[in-house]
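Read the structure below first, then the notes.
For clarity, every value in this text was computed on a predicted model and none was experimentally measured.
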Amino acid sequence: MYYVMYNVLLVLVSPIIIGLLLTKKRCQRGLWSRLGWIPVELQRLRKPVIWIHAVSLGEVAAIVPLLRVMKERYPQWPLVVSTVTETGREVVTKELEGVALHCYAPVDFWWVVDRYVRILQPHLFILVESEFWPNLLKNLQGHQVPICLVNGRISSRSFGRYLWVKGMMRRALSCIDLALMQSAIDAERIRQLGAISESVHVTGNMKFDQNFDQNPSADDQASLRTTLKLASNEVLIVAGSTHPQEEECLLEAYRKVSARHSQVVLLLAPRHIERASKLEQVIRHYGFPCLRRSESNKGF
């Protein structure tokens, strides 16, 4: 009954869904793939594959080490990573070249996900963090594909929303064979929403497992300062993955800090890169000069 209601609702709102995909710049590329036209190179892959779904840049970056190890240990299984955003695609193509192929995530229409599952023939489906699409999960279970959730999380906001559709969530989450959650709170939330208790384990946040150089050399530091046009006495503050309201708060705070410490430089990296032009306007509205990294011909 839940799936019938869900799919009827999807059909009714399908013009809105497609309209949003057409109007959102970050979703325009790969639109036909999202609707079921799978690229030829994926259709010709040796089957079956291991299919990993990660929404965007942050989720893909978190699993890069995992996928590299998987490629080494299980070279016989082609790896396919699906993303929703363009920034996610860029991480796959740059950081996982020779390791995994990219495809855009299918819209959760039952006929679209069925086409994806039939063509990719996944041996295993790995879900990153919190993308619980009912039709996709049900279809994978129907084809007896094991489903593993890694780096799982459920925010307080999402948990409250999921409670409104707890019956649907229970059906969807019961399809997951193994749920590896970031924290005990995340584990308890997914159990309350209907995941099989025995399948839920706490394994920590994979984003903390990245192999970053904690002690960059003097040459590396000098190179970075040159790239960012920083003087030797300037101090850099980085605010990453920001949203509009956060940016205004940061700029207000930076106004006060820079009035007392003129050597402080603020670097803003918006959550959605297509907002860069709008963010630049906001920065200039606050009276600050603004240089964009992507426009090196303008001096940055």
Q) Cluster question for you: counting only ILVMFWY and a side-chain heavy-atom cut-off of under 4.5 Å, with indirect links fine, are V202 and L149 together? A) no
Q.
Using side-chain heavy atoms (C-beta onward) and a distance below 4.5 Å, is R275 in contact with P244?
A. yes
Q. Quick one: do the R189 and S155 side chains pair a donor with an acceptor below 3.5 Å?
A. no
Q.
Hydrogens and angles aside, do S197 and R191 bring a side-chain donor and acceptor to less than 3.5 Å of each other?
A. yes
Q. Can R271 and T242 be counted as having a side-chain donor-acceptor contact under 3.5 angstrom?
A. no
Q) At what distance, to the nearest 0.5 angstrom, does OG of S241 lie from CG of L57? A) 8.5 Å
Q | From CA spacing to verdict: side chain to side chain contact (heavy atoms under 4.5 Å, CB included), L236, R225 | A | CA-CA 9 Å; L236 182 68; R225 282 189 167 274; over 6 Å; no
Q | Ring geometry between W51 and Y116 (parallel below 30°, tilted from 30 to 60°, perpendicular above 60°) | A | parallel
Q: Following the transitive rule for hydrophobic clusters with a side-chain heavy-atom cut-off under 4.5 Å over Ile, Leu, Val, Met, Phe, Trp and Tyr, establish whether M70 and L120 coincide in one cluster.
A: no
Q) Should K278 and E247 count as an ion pair when the cut-off is N to O under 4.0 Å? A) no
(Q) Under the criterion side chain to side chain contact (heavy atoms under 4.5 Å, CB included), I'd like the reasoning laid out for K207 against E129: C-alpha separation, chi angles, the key distance, then a yes or no. (A) CA-CA 11 Å; K207 291 181 179 178; E129 292 202 3; 3.3 Å; yes
Q. If you take all heavy atoms of C103 and L42, which pair is closest and at what distance?
A. CB-CD1, 3.2 Å
Q) CD/E59 to CE/M206 distance, rounded to the nearest 0.5 angstrom? A) 11.5 Å
Q) Within a reach of under 6.0 Å around CH2 of W32, are more than 12 heavy atoms found that belong to other residues, nucleotides or ligands? A) no
Q) ring-ring contact (aromatic ring centres under 6.0 Å, His included) between Y254 and Y286: does it pass, once the steps are laid out? A) CA-CA 10 Å; Y254 179 61; Y286 273 80; over 10 Å; no
Q. Do the charged groups of R284 and E280 touch, with an N to O distance under 4.0 Å?
A. yes
Q) What are the two closest heavy atoms between P134 and A172, and how far apart are they? A) CA-CB, 4.2 Å
Q.
Using only atom types and a distance under 3.5 Å, with no angle test, would you say the side chain of S56 pairs donor to acceptor with the backbone of G58?
A. no
Q. Are V264 and S258 close enough that some pair of their side-chain heavy atoms sits under 4.5 Å apart?
A. no
Q) Going hydrophobic residue to hydrophobic residue with side-chain gaps under 4.5 angstrom, can you get from I196 over to I176? A) no
Q.
If the threshold is 4.0 Å, N to carboxylate O, is there a salt bridge linking E234 and K229?
A. no
Q. Do other residues, nucleotides or ligands put more than 12 heavy atoms under 6.0 Å from Q43 CD?
A. yes
**Q.** R46 side chain to Q76 backbone, donor-acceptor under 3.5 Å
**A.** yes
(Q) If I take atom CE from residue M169 and atom CZ from residue F159, how far apart are they, to the nearest 0.5 angstrom? (A) 10.0 Å
Q. Between R170 and L193, is there a donor-acceptor pair closer than 3.5 Å when you use the side chain of the first and the backbone of the second?
A. no
Q | Side-chain donor or acceptor of T227 paired with backbone N/O of S223 under 3.5 Å | A | yes
**Q.** K166 (side chain) donor-acceptor with Q192 (main chain) under 3.5 angstrom
**A.** yes
Q) Atom CD1 of I126 and atom CG of N151: how far apart are they, to the nearest 0.5 Å? A) 12.0 Å
Q: Please round to the nearest 0.5 Å and tell me the distance separating atom CG of N135 and atom CG of L140.
A: 10.5 Å
Q.
Is the shortest side-chain heavy-atom distance between R292 and S277 below 4.5 Å?
A. yes
Q) Side-chain contact, heavy-atom cut-off 4.5 Å: I283 with L279? A) yes
(Q) Quick check on I185: does its CD1 atom have over 12 non-hydrogen neighbours (other residues, nucleotides or ligands) under 6.0 Å away? (A) no
Q | Any V150 side-chain heavy atom under 4.5 Å of T203 side chain | A | no
Q: Identify the heavy atoms of T83 and T85 that sit nearest to each other, and give their distance.
A: OG1-O, 3.2 Å
Q: Compare every heavy atom of L124 with every heavy atom of P146, then report the nearest pair and how far apart it is.
A: O-CD1, 3.5 Å
Q) Is there a path of hydrophobic side-chain contacts, each under 4.5 Å between heavy atoms of I, L, V, M, F, W or Y residues, that connects L137 with V113? A) yes
Q. According to the ring-ring contact (aromatic ring centres under 6.0 Å, His included) rule, which pairs have a member within residues 63-95, sequence neighbours left out?
A. W77-H123
Q.
Quick test of your reading of the model: are R89 and E86 salt-bridged, counting only N-O distances below 4.0 Å?
A. yes
Q: Rounded to the nearest 0.5 Å, what's the gap from CD1 on I16 to CG on L10? Could you check?
A: 11.5 Å
Q) L45 and P78: which non-hydrogen atoms are nearest, and at how many Å? A) CD2-CB, 4.2 Å
**Q.** N7 side chain to Y3 backbone, donor-acceptor under 3.5 Å
**A.** yes
Q: Evaluate the side-chain proximity of R255 to E252: yes if any heavy-atom separation is below 4.5 Å, no if none is.
A: yes
Q. Would you say the side-chain atoms of R34 pair up with the backbone N or O of V84, donor to acceptor, closer than 3.5 Å?
A. yes
Q.
So does I147 get a backbone contact from the side chain of D177, meaning a donor-acceptor N/O pair under 3.5 Å?
A. yes
Q: Evaluate the criterion side chain to side chain contact (heavy atoms under 4.5 Å, CB included) for residue pair F132 and L127; output intermediate values, then yes/no.
A: CA-CA 8 Å; F132 308 121; L127 181 63; 3.8 Å; yes
Q | Within-4.5 Å side-chain heavy-atom neighbours: F109 and L35 | A | yes
(Q) Is there a side-chain contact between Y6 and V165 in this structure, where contact means two heavy atoms from C-beta onward sitting under 4.5 Å apart? (A) no
Q: Step by step, work out the side chain to side chain contact (heavy atoms under 4.5 Å, CB included) result for H143 and D114.
A: CA-CA 10 Å; H143 283 83; D114 183 66; 3.7 Å; yes
**Q.** Considering all heavy atoms, the nearest A54-V60 contact
**A.** CB-CG2, 3.7 Å
Q.
Membership question, hydrophobic clusters at under 4.5 Å side-chain separation (ILVMFWY): are V49 and V92 in the same one?
A. no
